[in-house]
Amino acid sequence: MIDAAINTLLRNASELAEKVKPSVERVNVVAGLPKLVFSRLPGTDRRYTDDGANGPFQARYQVDIFAEKLLEAVEIARRITSPADDTVFGLDGYRGTVASTFIHRVYFTNEHWTVGDTEVDGKQQTIPRYIIELIVEYRELQPPQAP
Amino acid sequence: MADFVNADAIIGYKKKIEFSDTLMGTYVKLAGTININLPERELGTAETTNDDSPGFHKQYIPALYEPGTVTVSYRYGAPGFAAVETLFQLAAVASTRAAATKFWKVTLPDTTVAAFQGFVTRNNLPLEIEDSPECEFEIQVSGAMTYTDPA
């Protein structure tokens, strides 16, 4: 559920719609750019009490933005990391319910960029990539479903 | 004392703390507990050393027990914090001061029960910007604590 919520939030904030993909899918990050790939990182905190894992939970994500030009990736990153308010659908400080998940808060912990070589069909191609790390505090409103 | 076997070992998960106005009354459980530290009790000593103490050694007799304090941490939720705050404030009003001392019961996962009387002396709510609040309160134990082994 939290993965689905992050997927929806990133699609809305980045304005990339279906070009946002979870890293569990095979994604071509050379053609059809820009594209955004997100991954769940180790370190999810389930926060147990004597009454069980009743949260709120904390999960970490990495967001990789691939673009033809680095500035384009930076612009998408700015849209995502801008403050959440009534006029801008940024995710910094976002609080709300999406995909049966109540989000207490989203905050960004790190960002950097790289222009690395990627091998495509035996040839090296240079693909700019902007990387963002975020933490989300959340509570599932329904039991998690099997993938 | 019987030999210890691994089957007797426990972890702290699923313990609980409850309180009541009377010993045999209805006990109310505090939800969302994380750590419950039963008191470090101490037996005081009274020195009885005198000029006839043998072998150049000081002498003592047991004095009174210090029952200590119990600390409890729990995940913040408004109803839970309000319940503890109510207990904490009972001593603030003359008409409810006597009711501040409650009967407490801590039940371990193996059903061992520690029972004692006491009143809440501290109730805090730290709010860290990037973490889920974890509250802590303290109970001053008054009198003896009793342990009841698993049934």
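Residue numbering restarts at 1 for every chain, and letters A, B, ... go by the order of the sequence lines. Worth knowing before you read on, the calculation uses all heavy atoms, side chains too, and leaves out hydrogens, waters and symmetry mates.
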Item to complete: Hey, could you give me the OG/CZ distance between B/S132 and A/R105, rounded to the nearest 0.5 Å?
Response: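 The OG atom of B/S132 sits 14.0 Å away from the CZ atom of A/R105.
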Discussion item. Ignoring hydrogens, what is the shortest heavy-atom contact between A/T49 and B/R75? Give both atom names and the distance.
Written reply: CG2-CB, 3.7 Å
Worksheet item: Okay, side chain of A/D50, backbone of B/K16: is any donor-acceptor separation there less than 3.5 Å?
Response: no
With a 4.5 Å cut-off on side-chain heavy-atom distances among I, L, V, M, F, W and Y, is there a chain of contacts connecting [X] to [Y]?
| X | Y | result |
| --- | --- | --- |
| B/M145 | B/L108 | yes |
| A/F108 | A/Y94 | yes |
| A/V98 | A/L16 | yes |
| A/L70 | A/I131 | no |

Discussion item. For B/L23, I'd like to know if atom CG has over 12 heavy atoms of other residues, nucleotides or ligands within 6.0 Å.
Written reply: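 Yes.
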Fill in: B/N35 portion near chain A, given a 4.5 angstrom heavy-atom threshold
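Neither part.
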Discussion item. Under a 4.5 Å cutoff for heavy-atom pairs, which residue among B/I36, B/T33, B/I34 has the most contacts with chain A?
Written reply: B/T33
